[in-house]
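First up is the structure itself, then whatever we jot down about it.
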There are 2 protein chains.
Amino acid sequence: MLQTGDQFLVKKINKSIVLETIKKNGPISRAQISEVTGLNKSTVSSLVNELIQEEFAYEIGLGQSKGGRRPLMLLFNTTAGHAIGVDIGVNYLLAVLTDLQGNIVQETMLTIANLSFENIVDLLKQTIQALIDQAPPSKYGIVGIGIAVPGIVDEHGQILFAPNLGWENVDVKSIIQGHFHLPVTINNEAKAGAMGEKIFGVGKGIAHSVYVSLGIGIGTGIIINNELYKGCNGFAGEMGHIPIEPNGKKCRCGNRGCWELYASENALLEQAKALAIPPAPNEPEITLAHLVTLADEGHHEVINLFNQVGEYIGLGLTTIINTFNPELIVIGNRMTSAEKWLINPITRIVENRSLAYSRKQLRIQFSGLNMHSAVFGAVSFAIDDFFANTRISL
Amino acid sequence: MLQTGDQFLVKKINKSIVLETIKKNGPISRAQISEVTGLNKSTVSSLVNELIQEEFAYEIGLGQSKGGRRPLMLLFNTTAGHAIGVDIGVNYLLAVLTDLQGNIVQETMLTIANLSFENIVDLLKQTIQALIDQAPPSKYGIVGIGIAVPGIVDEHGQILFAPNLGWENVDVKSIIQGHFHLPVTINNEAKAGAMGEKIFGVGKGIAHSVYVSLGIGIGTGIIINNELYKGCNGFAGEMGHIPIEPNGKKCRCGNRGCWELYASENALLEQAKALAIPPAPNEPEITLAHLVTLADEGHHEVINLFNQVGEYIGLGLTTIINTFNPELIVIGNRMTSAEKWLINPITRIVENRSLAYSRKQLRIQFSGLNMHSAVFGAVSFAIDDFFANTRISL
DNA sequence: TTACTTTGTTCAACCGACAAACTAATAAAA
DNA sequence: TTTTATTAGTTTGTCGGTTGAACAAAGTAA
């Protein structure tokens with residue numbers, strides 16, 4: 001059964017447009033909204049009044065006159081409700097409580113010692129409960145919980161495979177939903193990162209972009225027509241496993257020469273070990289942070305290593321550029337900390353290898369969200385779902 | 001300015017749904033349409049009557065009773081108008097006149113001897129005029145002209161670069177539009193092929209698919225959410241130039257090791273030449289058809305060659321599968337004639353190298369449209385534009 | 001013949017967007 | 001200061017579209 005049209009659909013569309021306009025351009029008057037959106041003044045007035053009733057917007061006072069009656073300025077009520085986002089990393093758990101515009105109210109970061117499923121679920125429950133307890137009272141309360149995980153998630157939010165956590169076929173969604181009786185969305189970490197950048201980061205307002213999560217492995221989140229592309233089963237964007245070296249190293253995915261074997265943090269560290277580069281004095285193993293320090297100190301081997309890995313990153317980006325002709329590529333996750341040493345080889349390869357046409361309007365940027373892309377994305381899923389579902393019923 | 005909602009939008013949506021339902025499920029009664037779409041009986045009745053007035057649908061007679069009054073069956077009026085599609089190949093020009101459902105009324109195929117721009121434009125004009133002259137009279141006449149070209153086309157229909165035709169920055173759209181005073185759409189050959197398969201071929205009804213045009217070079221057309229994805233400047237899908245061998249052969253695009261250097265018809269023929277495989281007795285150069293014949297006759301070297309090229313094809317498909325998680329990959333263009341010798345290495349590589357999750361629901365099919373994918377796609381652009389534009393005014 | 005179904009139309013009700021007329025508030029000009 | 005023009009926001013009536021109920025038409029089954 002297709003989505004047919006009726007007056008409720010019209011109202012939903014227009015009300016969304018009005019709210020989005022207030023969110024984006026606030027403080028803004030009714031008259032300006034009418035001008036910007038093309039909607040009639042009276043339509044805007046009526047919709048705005050409903051939004052005020054529902055506490056999604058409020059009047060902040062009179063604005064500057066432009067030669068006539070002074071406008072009544074409107075603002076989005078960011079604290080009509082709150083949302084929770086969680087990023088389950090391989091050895092950490094980052095959780096935030098935000099208002100409806102993604103402003104962080106409270107944040108928890110903890111290191112995971114015991115990787116067992118039961119332990120992580122317990123930590124999840126405790127952390128989320130703590131955040132819920134700290135949420136200021138509001139009209140809509142906690143509107144939802146978004147969770148990002150480093151693994152393969154299907155279209156129903158089932159976690160099929162998270163190798164770095166040792167999980168297979170686990171239903172975190174039902175567990176958390178059953179425990180808190182709140183809407184829960186589960187998404188792959190790279191997809192969440194893509195949405196985080198799209199809503200709160202450098203991807204704001206950009207229709208077609210690709211987020212590349214360069215972490216222990218590599219994942220990508222693809223934004224097409226302002227929406228996350230999930231593919232027919234939810235598995236789109238597993239570009240960490242595109243073949244880059246046809247006869248390259250064997251990957252546990254079954255393929256050979258996968259991109260992430262050459263361009264991820266893991267790849268970098270393994271090669272550093274192979275070169276017998278010593279770890280920092282007080283650490284047992286070599287770390288990314290230490291490699292950056294060594295490069296900063298002028299360590300030639302390490303600088304070459306970054307060059308080499310950067311070139312492989314650029315090679316994968318070439319595939320992305322020629323395939324998607326995106327307006328923006330955002331590079332996120334742990335490897336952003338080495339931006340300084342990676343940006344040159346990346347741009348060199350991209351400029352030499354990708355199609356000039358597809359590259360014309362392209363920007364490549366490192367995430368500015370400071371490792372919060374995924375958690376912001378998780379939040380944005382929760383908030384989007386809230387608006388998509390609640391507002392229909394009006 | 002965003003697309004706001006009003007009653008006209010609602011009507012446009014619903015009328016489209018009704019017409020699509022008739023197209024897809026006809027012969028069908030008003031009552032059945034109401035049931036299938038969820039629209040009210042009276043709404044359906046009123047919209048159907050308008051469609052009949054406009055000659056987009058007609059009543060074909062009474063159907064079988066299901067225990068009550070016999071239904072009046074409706075059919076889409078495929079000949080309310082006609083469309084023209086042209087596929088400009090590297091040495092041929094294929095043009096068709098079809099009805100509104102893509103049924104071919106007339107077809108012209110001619111070989112191009114003189115590749116000069118002026119000559120091809122002349123041929124285009126003559127061929128199109130001949131088809132227009134042969135179109136049966138109808139309410140809407142020729143609704144549009146769609147043209148597919150082997151090259152890079154921007155979002156405005158400008159042909160920026162067609163290496164195999166020797167064209168750069170030519171405005172065929174304005175020329176043809178000015179000459180015939182009909183709407184003209186220009187698209188890349190692979191994008192057209194993708195739409196052709198989506199509307200008239202094996203891709204019918206499939207939301208996410210990728211069409212791979214294996215011809216002299218390689219191009220791809222990406223269907224996402226039932227729509228062609230063009231990217232931010234119209235250049236998406238240039239996957240012939242994704243790097244497959246990082247230190248491979250130099251490509252004229254500036255990159256190295258591009259997919260099309262290893263998996264296209266050209267790649268196949270060049271390697272055949274390198275192996276000194278002799279051409280057919282009466283032909284100056286080796287051809288694909290002849291290689292297929294040799295393979296059929298058991299020529300080991302040629303069979304190995306097909307295996308090798310097929311494996312490279314599979315390698316690129318792996319990238320497509322892991323990136324897009326499509327429901328369907330359609331392989332089209334000239335290399336389809338070697339399906340028999342390519343299908344095995346392709347599936348072997350795909351099964352060994354692509355992610356099992358992403359592959360679960362995947363089908364890989366060779367085009368059944370017999371080299372007509374692109375020309376059908378060109379037609380579908382013309383027809384789609386007609387319905388998108390005409391019907392708004394109602 | 002009667003009762004029940006299914007199909008398609010008609011008509012009043014409703015809902016939302018819109019345009020025009022209105023009130024309100026202000027700046028600039030006389 | 002008064003007048004005029006301008007901008008902001010509300011009110012009112014109209015228009016177009018979907019909907020549901022009632023109805024007529026045309027059938028089946030017992």
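Per chain, numbering begins at 1; letters A, B, ... match sequence-line order. Quick caveat, the model's predicted, so the values are computed rather than measured.
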Could you pull out all residues at least two apart from A/Ser29 that satisfy side chain to side chain contact (heavy atoms under 4.5 Å, CB included)?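 Testing A/Ser29 for side chain to side chain contact (heavy atoms under 4.5 Å, CB included), a comparison that skips the adjacent residues, returns A/Ala31, A/Gln32, A/Pro71, A/Met73.
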Take atom [atom1] of [X] and atom [atom2] of [N], then tell me their distance rounded to the nearest Å.
{"X": "A/Leu47", "N": "D/dG9", "atom1": "CG", "atom2": "P", "answer": "15 Å"}
{"X": "A/Gln7", "N": "C/dC18", "atom1": "CD", "atom2": "P", "answer": "14 Å"}
{"X": "A/Lys11", "N": "C/dC18", "atom1": "NZ", "atom2": "C1'", "answer": "15 Å"}
{"X": "A/Asn49", "N": "C/dG16", "atom1": "CG", "atom2": "P", "answer": "14 Å"}
{"X": "B/Leu9", "N": "C/dG16", "atom1": "CG", "atom2": "C1'", "answer": "13 Å"}
{"X": "B/Lys15", "N": "D/dT18", "atom1": "NZ", "atom2": "C1'", "answer": "15 Å"}
{"X": "A/Glu59", "N": "D/dG9", "atom1": "CD", "atom2": "C1'", "answer": "10 Å"}
{"X": "A/Met73", "N": "D/dT7", "atom1": "CE", "atom2": "P", "answer": "15 Å"}

A/Lys139 atom NZ: more than 12 heavy-atom contacts under 6.0 Å: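 Check passes, neighbour count above 12.
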Looking across every strand, which nucleic acid part, if any, lies under 4.0 Å from A/Ser46 by heavy atom: base, sugar-phosphate, or nothing?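 If one applies the 4.0 Å heavy-atom cut-off, A/Ser46 turns out to touch nothing in the nucleic acid.
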What is the per-nucleotide protein-contact pattern of nucleotides 20-30 of chain D, from the 5' end, where B denotes a base atom under 4.0 Å from a protein heavy atom, S denotes such proximity for sugar-phosphate atoms only, and - denotes neither? B---BBBBS--
Of the listed nucleotides [options], the one nearest the side chain of [X]:
{"X": "B/Ser29", "options": "D/dG16, C/dA17, C/dG8", "answer": "C/dG8"}
{"X": "B/Leu39", "options": "D/dT19, C/dG16, C/dG8", "answer": "D/dT19"}
{"X": "A/Thr43", "options": "C/dC18, D/dG16, D/dT19", "answer": "C/dC18"}
{"X": "B/Ala31", "options": "C/dG16, C/dT7, D/dT18", "answer": "C/dT7"}

Report yes or no: do A/Asp99 and A/Asn103 form a side-chain donor-acceptor pair below 3.5 Å?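 Side-chain D/A pair, A/Asp99 to A/Asn103: present.
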Ion pair present between B/Glu50 and B/Lys15, side-chain N to carboxylate O less than 4.0 angstrom?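 Salt bridge: yes.
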Can you confirm whether B/Ser209 sits close enough to B/Glu197 that some side-chain heavy atom of one is under 4.5 Å from a side-chain heavy atom of the other?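 When only atoms from C-beta onward are counted, B/Glu197 and B/Ser209 do not touch, as no gap falls below 4.5 Å.
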Phosphate-side-chain proximity, B/Asn14 and D/dT18, N/O vs OP1/OP2 below 4.0 Å: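 For B/Asn14, the contact criterion (side-chain N or O under 4.0 Å from OP1 or OP2 of D/dT18) is met.
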Can you say whether the rings of B/Phe324 and A/Phe324 are parallel (under 30°), tilted (30 to 60°) or perpendicular (over 60°)?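 The arrangement is tilted - the two ring planes meet at 30° to 60°.
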Kindly compute the distance separating CZ (B/Phe376) from CD1 (B/Ile383), expressed to the nearest 0.5 Å.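 One gets 10.0 Å once the value is rounded to the nearest 0.5 Å.
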